[in-house]
Amino acid sequence: MASLSEMYDVGWEEMRDKLRKWREDNCRNSEQIVDVGEELISEHSSKLGDDIWIIYEQVMIAALDCSRDDLALTCLQELRKQFPDSHRVKRLTGMRLEALERYDDANKHYDAILQEDPTNTAARKRKISILRAQGKSTEAIRELNEYLEQFVGDQEAWHELSELYINEHDYGKAAFCLEELMMTNPHNHLYCEQYAEVKYTQGGMENLELARKYFAQALRLNNRNMRALFGLYMSASHIAASPKVSAKVKKDNIKYAAWAAAQINRAYKMAGRGNKDNKCSIKAVEEMLESMQIAMP
Amino acid sequence: MHIQLTSQAYCKMLLHTAKYPHCAVNGLLVAEKTKEKKKDGHGGPVLCVDCVPLFHGTLALAPMLEVALTLIDSWCKENNYVIVGYYQANEQTQDSRPNQVAQKVAARISENFNEAVIVMVDSSRLTMSCFEPIVFIYDHVENKWKNREVTTDAFEDWNEAQTITSALLVGRSYENLIDFDNHLDDLRNDWTNPAINKSVLDLC
């Protein structure tokens, strides 16, 4: 079977750089990581220097995702040899148990880590992940709330909690989590946009107006965020269409919606350039925007 | 309502599920609009010719769902299709019941097509060989969603669906499947999936 480097004519440096990019972006493209990482480890391990340890970790987690226990074990054993007392490696052992659905053993393992180091956030978060994997959303939410009282700056945890709340349709609490994230990350357009989506879903005029404002804010932070653009369009349209708003509010929102619609059309035209097949999308968007146009009284 | 799934519809649902094994996924099922309206409702089966993969991950937020429904509705009108159903695969593989999101979307679809169905994909039985159908079909009966028995009758051609889906799973075509989320990330991503549709046709 041809190796990846032969098939795609890439050198080992490119493969290593790809893995680094996926690590930095926190991508969960586990099959690709396994393909690239396995070859890198087996053919080029001597060239990787100290990078090899973090690669072993990355490939091991990806291997667990793909049920490649053989590969996961190989990576784990190398890491254990190199870092025999490391809690970070012990966490990986726990993750392997989770992948095998041996949740009780995994929990015991994490408890042992926490005995030695009660501030080990990784072990605590794995225990919460186990609750989520078992479908125990209420307990997961409770544990995560307790965790956040202690580790109030853990953004990953706030985001996880917002997801859990959204899945339970508890939009008010999800909004609170996203507010925390926006406060500490005022330039992150994604948090703004997600907050706006939650507010929109909650419904009611006040929430719709807030949603519109935060979609607009997300666009200010990143004018290519299509979700924010569509969101702005939808919220402004709904506000304008409501019988409960004043004439001025209606007029303003019609303006916002019209602006958003023009931007949407423009974005689609630019995307469709050079691709004849995408015409159906452009047409569908134009029609959608026309069908939602609010008439002035 | 007796629905039948074509190979294209079935395989794209499964490819979507396979692309995001760690997430919930959902999408819409479309059928060709027929002019005949039989009064007694006992026409031929409704053939779901295609599906449009929508989202992965968080399914319970409204704005993008509304955008997708409106946009796809426009697209349907252009192509003489009608949205007849909704599919979902849950994040928890052991739970394949339609949740609140599924029911809400299906209710919305029912406003336009009163025998809308929910198709739940049982990801716990997802295999490369696709040796058995892994969908549950729910009808809205007496205000409840009831599970009906799925046999190979639910497919236009089960053997073809099985062969094609299996081939595309093995070939990792799901890596190229585009859902509406992918489209919102980059408008050039085409949620009608012409490349995959072509692969399906080539394998027929």
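Just so you know, these numbers use all the heavy atoms, side chains as well, and skip hydrogens, waters and symmetry mates. Lettering follows sequence order; numbering is per chain, from 1.
- The greatest number of non-hydrogen atom pairs below 4.5 Å with chain B, out of A/Gly231, A/Ser235, A/Ala133, A/Ala196, is found for A/Ala133.
- More than 12 heavy atoms of other shown residues, nucleotides or ligands fall within 6.0 angstrom of atom OH in A/Tyr103.
- Rounded to the nearest 0.5 Å, atoms CD (B/Glu66) and NE2 (A/His238) are 4.0 Å apart.
- Every residue two or more places apart in sequence or in another chain was checked for a side chain to side chain donor-acceptor pair (under 3.5 Å) with A/Ser67, and none qualifies.
- Shown here is A/Asp104, whose CG atom has no more than 12 heavy atoms of other residues, nucleotides or ligands within 6.0 Å.
- Between B/Leu61 and the choices A/Gln194, A/Glu197, A/Arg227, the side-chain contact (heavy atoms from CB on, under 4.5 Å) rule is met once, by A/Glu197.
- Atom NZ of B/Lys19 sits about 12.0 Å away from atom CD of A/Glu31, to the nearest 0.5 Å.
- Screening A/Phe230, A/Phe215, A/Tyr233 for a side-chain contact (heavy atoms from CB on, under 4.5 Å) with B/Pro63, the sole residue that qualifies is A/Phe215.
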Go through A/Arg132 and B/Glu91 one step at a time and tell me if the side-chain contact (heavy atoms from CB on, under 4.5 Å) criterion holds. CA-CA 10 Å; A/Arg132 183 168 178 176; B/Glu91 180 180 297; 2.9 Å; yes

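- Judged by distance alone, with hydrogens and angles left aside, the side-chain atoms of B/Gln100 form no donor-acceptor pair with the main-chain N or O of A/Glu168 at under 3.5 Å.
- The neighbour count for B/Arg172 CZ, taken as heavy atoms of other residues, nucleotides or ligands under 6.0 Å away, is above 12.
- Ranking B/Ile72, B/Leu65, B/Leu184 against chain A, the residue ahead of the rest is B/Leu184, based on heavy-atom pairs under 4.5 Å.
- Here the closest heavy-atom approach between residue B/Ala60 and residue A/Tyr171 is recorded as O-OH, 2.8 Å.
- Residue B/Asp186 does not touch chain A at all, counting heavy-atom pairs closer than 4.5 Å.
- Heavy-atom pairs under 4.5 Å with chain A peak, among B/Leu59, B/Asp95, B/Asp185, B/Val101, at B/Asp185.
- For A/Arg266, the CZ atom is loosely surrounded, since the number of other residues' heavy atoms within 6.0 Å does not exceed 12.
- Interface remark: B/Asn90 contributes no atoms to any contact with chain A (heavy atom separation under 4.5 Å).
- No more than 12 heavy-atom neighbours from other residues, nucleotides or ligands sit within 6.0 angstrom of OH on A/Tyr214.
- Residues A/Ala271 and B/Leu187 approach most closely at CB-CB, 3.6 Å, considering heavy atoms.
- A distance of 9.0 Å separates CD of A/Gln134 from CD of B/Gln94, quoted to the nearest 0.5 Å.
- For A/Arg23, the CZ atom sits in a packed shell: over 12 heavy atoms of surrounding residues, nucleotides or ligands are nearer than 6.0 Å.
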